[in-house]
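A quick write-up on the structure given underneath.
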Amino acid sequence: MTLDRIVRRNALRFPGKAALLAGGRSVTWQELDRRVDRIANALRARGLAAGDRVAVLLGNCAEIVELYFGIARAGLIAVPLNWRLTNSELSQLLGQAEPALLVVGASFAEPFREALASGTSPARRWIVGGELAGAEPYEQVVDEAEAAAIESPAKDDEPFAIFFTSGTTGLPKGAMVSHRNLVANAFNQFVADGSRPSDVNLIATPLYHMGAVFMAVTYMMLGCTQVVLEKFDPRAWLEAVARHRATVALLVPTMINAVVNCPAVEGADLASLRCLFYGGGPMPPNVLRRAMQHLRCGFTQGYGLTETLEATFLVASDHVLDGDERRQRRLASAGREAVGAEVRVVTSEGRDAAPLEVGEVLVRSESVIPGYWRMPDETAKAIRNGWFHTGDLGYLDDERYLFLVDRIKDMVVTGGVNVYTKEVEAVLFEHPAVLEAAVVGLPDDQWGEIVAAVVVLRPGCTAFAEELVEHCRKSLAGFKKPRVVHFLDELPRNPSGKILKRELRRRLASG
């Protein structure tokens, strides 16, 4: 099944039900299906053929959602673009994808003027919400397009979109995510979340990112209403839950931390919220416990990459505050394999690791991508014998709960001994003055690397480097404690909220 069939089916089942609430607009499933047909017809009328790419440079809005499905119905491939990139980064991605058409929001036309003027940007453009020389107005394109219902020529194993990886450790790669990948992931998430047709999904993460897209696809498959926020703000998010009676939402750990620390959380009406889904980075256990106490809803954690979608889930029944020691320990895990996924942990020698033995996490499922766009060598390196090599280090316990300890490239080797940065970060988060923390390795002539911590303090709180080192000394072996501690007002992040440790290493190395 290609993803545009979701809209067509729901137009028949729930014609008058709201499919999208965004920017003050309410779009029913029937209206959405008709606009998807018009978008697909407009694309075909301009000569775009099956397999051509359509780049999308938009913020969170109704247009980006309908475009995804319209592109799919035309048999084309969407290329979501991150609007937080620089002009040179955007030009690089356009050069890789070689789209036949660019759909750009008016608010991004000026910031990306250089990239749009470069030879990598397609000459054919649609502009949403404004004017741009040489670009067709999006609403005019849709209004004037043929309204005839059409069927997608794409197959379900063909790419729905090219999602460029976040590039936390290097240059982005174009992950070719198929229709089948997202449908398979939805069934896994149905089971993990206990999803139901009456759910209302609140989207606050960027819709150019895989997380927001797979969450939307999952709940749209059930005919649920999607509430799209233009951007994330903790107070606005709390107000949107109450106003729209949202039942499910995805937030990355940094967003959850912001919500928990927002003064408005105390009086917020969160009675409708059934399940908060989190992923996209490590969740310090101390932050998770505070979230469970303040938000008073069920929680589901999903672990996966852009290339694998969700491989494991820590489900609501695993999220308990008053369980025995084993259940308390599980809160630091990524859960167990999804119904339709397999997970292995493999040592550097290539054998399956014993329980509690650390190795690289491998994933095999219908949600794993077929490969990277025009990167056969990278594809062959990542997918071997059907298993995707994630680059994450972790271990399985005796009940197959997966515990992640680090990225292979982030692990610190000091004096020949491995230090997993996530373990040190979790201890730092337990200090009452610490709002955020990140740990990296810095080159050292004597030890090879030393452990360095970068900390953001809570507003109104103070702490000294020596105090935090001593705090770590109480819970960690001496070789694991930070040798140096630096303080920042904020940590560098990519647009999906992940901390850019390579940027931290660069800053610290340059003083």
Side-chain angles (χ1 to χ4, degrees), residues 53 77-80 82 89 92-93 95-98 156-185 188 208-211 213-214 279-282 302-312 334 337-338 340-353 358-396 402-411 420 422 494-496 498 500-502:
R53 278 79 60 206
I77 302 170
V79 183
N82 175 348
E89 288 170 325
Q92 180 192 40
L93 298 191
Q96 285 182 245
E98 294 185 327
D156 66 355
D157 60 351
E158 293 177 342
F160 158 73
I162 299 170
F163 288 90
F164 283 98
T165 60
S166 55
T168 56
T169 57
L171 294 175
K173 298 186 287 288
M176 296 186 293
V177 179
S178 72
H179 299 264
R180 182 185 298 171
N181 291 154
L182 281 159
V183 170
N185 184 79
N188 287 335
Y208 59 70
H209 186 262
M210 171 59 77
V213 172
F214 81 64
Y303 161 70
L305 285 65
T306 301
E307 297 93 328
T308 66
L309 282 83
E310 302 310 295
T312 68
E337 291 139 313
E342 299 172 85
V343 171
R344 293 170 63 198
V345 174
V346 176
T347 67
S348 56
E349 297 84 20
R351 62 174 175 80
D352 285 307
V358 173
E360 184 180 8
V361 179
L362 276 57
V363 177
R364 181 167 67 182
S365 79
E366 287 289 315
S367 298
V368 171
I369 64 168
Y372 294 111
W373 176 255
R374 293 178 176 172
M375 288 186 171
D377 291 343
E378 292 292 337
T379 298
K381 187 187 305 181
I383 305 173
R384 288 173 257 161
N385 298 317
W387 290 90
F388 187 89
H389 292 244
T390 67
D392 285 330
L393 290 170
Y395 63 87
L396 293 166
L402 175 66
F403 290 77
L404 300 169
V405 297
D406 222 334
R407 291 287 294 170
I408 290 175
K409 295 181 179 180
D410 288 337
M411 182 180 69
Y420 302 121
K422 185 179 177 184
N494 71 11
S496 58
K498 294 181 181 178
L500 291 171
K501 290 195 172 183
R502 72 169 186 272

To the nearest 0.5 Å, what is the distance between [atom1] on [X] and [atom2] on [Y]?
| X | Y | atom1 | atom2 | answer |
| --- | --- | --- | --- | --- |
| Q96 | R374 | CD | CZ | 9.5 Å |
| F164 | L93 | CZ | CG | 4.5 Å |
| M176 | Y372 | CE | OH | 10.5 Å |
| I77 | E158 | CD1 | CD | 8.0 Å |
| L362 | T308 | CG | OG1 | 11.0 Å |
| D156 | H179 | CG | NE2 | 8.0 Å |

Does the side chain of [X] reach to within under 4.5 Å of the side chain of [Y], using non-hydrogen atoms?
| X | Y | result |
| --- | --- | --- |
| L402 | V345 | yes |
| V343 | Y303 | no |
| P370 | N181 | yes |

> Out of I369, V79, V177, which one pairs with F163 under the side-chain contact (heavy atoms from CB on, under 4.5 Å) rule?
Replying inline: V177
> Angle class for the Y395/F403 ring planes (parallel below 30°, perpendicular above 60°, tilted otherwise)?
Replying inline: parallel
> Please walk me through it: do W387 and V346 pass side-chain contact (heavy atoms from CB on, under 4.5 Å)?
Replying inline: CA-CA 11 Å; W387 290 90; V346 176; over 6 Å; no
Short question: side chain of [X], backbone of [Y] - any donor-acceptor pair under 3.5 Å?
| X | Y | value |
| --- | --- | --- |
| T347 | A353 | no |
| E360 | D392 | no |
| R407 | T390 | yes |

Non-hydrogen atoms of [X] and [Y] that approach each other most closely:
| X | Y | answer |
| --- | --- | --- |
| R53 | I162 | CG-CD1, 4.1 Å |
| E310 | G304 | OE1-N, 4.2 Å |
| V361 | G394 | CG2-N, 4.0 Å |
| E307 | A175 | CG-CB, 4.2 Å |
| S367 | N185 | OG-N, 3.3 Å |
| M210 | T306 | CE-O, 4.1 Å |

